[in-house]
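This report refers to the structure that appears directly beneath it.
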Amino acid sequence: MTEIAIKITVNGRPQEAVVEPRLTLADFLRENCRLTGTHLACEHGVCGACTVLVDGAAVRSCLMFAVQAADREVTTVEGIAAPDGTLSPVQAAFRDCHGLQCGFCTPGFIMSLTALLRDNPDPTDEDIRVGLSGNLCRCTGYQGILAAARQAAPGPAEA
Amino acid sequence: MKSAPFGYQAPTTIAEAVGLLAELGDGAKVLAGGQSLIPMLALRMAVLDELVDIGRIIELRGIQRRDGHLRIGAGTTEAVVGADPDVAAAVPLLTRATPLIGHFQIRNRGTLGGSIAHADPAAEYPAIALALDAGLEVVSTRGRRTIAAADFFDGFWSTTMEPDELLVAVDFPVWTGRRGFAVEEFARRHGDFAIAGACVGVALDDNDRVTRCAIGLIGLGAKPERPTAAEASVVGVGVTDVVADDLGRLAVADLSSIPSDLQGSARYRERVGAAMVSRAFTAAATEARRD
């Protein structure tokens, strides 16, 4: 099948490649860009481990082909810390609150929660539970993750 | 978990897209948000020669209020539908059902038209389109036609669209007067496809008599179902005289192809479905009485 030349801006840097149409965005990030922070588990949209931001919207990168992301901006877990390495508030909260054990699902949770808290800075526990229901964790029992979400939430916007 | 190879086209206009569908024939499939099609490709339940990606067609997106109708472009994402104030005012069932579709990450990619054209019997939008008598506008190189929702859903994942036709917009009739709407679903986990569900619209006259009742059944057949006998049974009846549980039982009485699997037997789903109709009717009636 005909390969297609694409350019995707990943964490602010343009990445160009010639790819098969069937290459998922997740595989493009991991194999073409060597950004292996985006994890793949189920590869059919159930587990949420591969969640990234595309033009700011949290999406499953296994349910998008790289060709569909051409000319868009993608942010991965490698792209949310400060340039000096200071963790983002969500990343720091996961460390502080024991929001991870093996760490496999963590990048997906971090990206989902980053989008969730940007759009809803003062979520209820129910908002957090519903918002994270599309990410699966098999270690923590979720309580540390919920605590991290509460800590990372900026709280009500100041008037 | 990797798709078989396929060719890829990304048209930017409807005319270009339907031209490609006509030219490529049966081996081609429309790729909308991909939240159902891409898993099917990954699991190789579907192997296709060509995908025609309609995600770059701007004219497929948008929401417009027209006299008596709300028209939603087929390429509008579920996230946009769920958050739109015009949708909430005109077709509240869509607003209330949207949070039940997958998870927010899915709704950021999945589209209204993709969900309806995929025609999963357990999905929310097809049942709402059916219950509300939506019009499905399809285009091909042969022209444009509108298919009534009652004639659109043909069977499991199957519609009466021809392979060269593209669903471009859905017209939802807007109910006026005293009306109420509700969606009820039972799923084992948030975001899963429901074991059974129902969406209900109820309209009342000034004396609290039911003037209209619309019911869409979710996950209770090979396609979304509409129990017209149950709907008719409450029209003209004072809303406080309707026994919601009886309506629920009647709504599922004539179903012939309720799925049966590890999630639940057909008999179990029938009982859950009856309860969902009962709850949704009660909630919709309560809202209509306050309207």
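Here is the naming used below: chain letters follow the sequence lines, and residue numbers restart at 1 for every chain. Both backbone and side-chain heavy atoms feed into the values below; hydrogens, waters and symmetry mates do not.
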Exercise. Given side chains that start at C-beta, do those of Leu112(B) and Val170(B) come closer than 4.5 Å, heavy atoms only?
Worked result: yes
Exercise. For Ser133(A), is it the side chain, the backbone, both or neither that has a heavy atom under 4.5 Å from a heavy atom of chain B?
Worked result: both
For this session: Decide side-chain hydrogen bond (donor to acceptor under 3.5 Å, both in side chains) for Asp96(A) and Gln151(A); before the verdict, give the C-alpha distance in whole Å, the side-chain angles of both, and the deciding distance to 0.1 Å.
Result: CA-CA 9 Å; Asp96(A) 295 346; Gln151(A) 176 181 312; 2.9 Å; yes
Problem set entry | Glu126(A)/Thr124(A) under side-chain hydrogen bond (donor to acceptor under 3.5 Å, both in side chains): CA gap, chis, key distance, verdict | CA-CA 5 Å; Glu126(A) 177 70 10; Thr124(A) 63; over 6 Å; no
Sequence neighbours excluded and cut-off under 3.5 Å, please list the side-chain donor-acceptor pairs for residues 79-86 of chain B, or say none.
{"residue": "Asp84(B)", "atom": "OD1", "partner": "Asp86(B)", "partner atom": "N", "Å": "2.8"}
{"residue": "Asp84(B)", "atom": "OD1", "partner": "Val87(B)", "partner atom": "N", "Å": "3.0"}

For this session: Would you mind checking which part of Met64(A) comes under 4.5 Å of any heavy atom in chain B, side chain (CB onward), backbone (N, CA, C, O), both or neither?
Result: both
Problem set entry | Options Arg60(A), His44(A), Gln68(A), ranked by heavy-atom pairs under 4.5 Å with chain B, top entry | Gln68(A)
Problem set entry | Toward chain A, the part of Ala42(B) with a non-hydrogen atom under 4.5 Å | side chain
Problem set entry | Residues of residues 13-31 of chain B near chain A, each having a heavy atom less than 4.5 Å away | Leu31(B)
Problem set entry | Leading residue by heavy atom contact count with chain B [cutoff under 4.5 Å; candidates Leu40(A), Val54(A), Asp27(A)] | Asp27(A)
Problem set entry | Residue Glu73(A) excluded, over 12 heavy atoms near CD under 6.0 Å | no
Exercise. Which residues in residues 4-13 of chain A have a heavy atom less than 4.5 Å from any heavy atom of chain B?
Worked result: Ile4(A)
For this session: Would you mind telling me which of Lys2(B), Met40(B), His103(B), His190(B) has the largest number of heavy-atom pairs within less than 4.5 Å of chain A?
Result: His103(B)
For this session: Please assess Tyr125(B) against Thr98(B) for the test side-chain hydrogen bond (donor to acceptor under 3.5 Å, both in side chains), listing each intermediate value before the final yes or no.
Result: CA-CA 8 Å; Tyr125(B) 288 164; Thr98(B) 300; 2.7 Å; yes
For this session: Name all pairs fulfilling the salt bridge (Lys or Arg N to Asp or Glu O under 4.0 Å) condition that reach into residues 87-100 of chain B, sequence neighbours left out, sorted by first residue then second.
Result: Arg96(B)-Glu287(B)
Problem set entry | Whether over 12 other heavy atoms sit under 6.0 Å from Arg30(A) CZ | yes
Exercise. Quick one: does Arg269(B)'s side chain get under 4.5 Å of Ile195(B)'s, heavy atoms only?
Worked result: yes
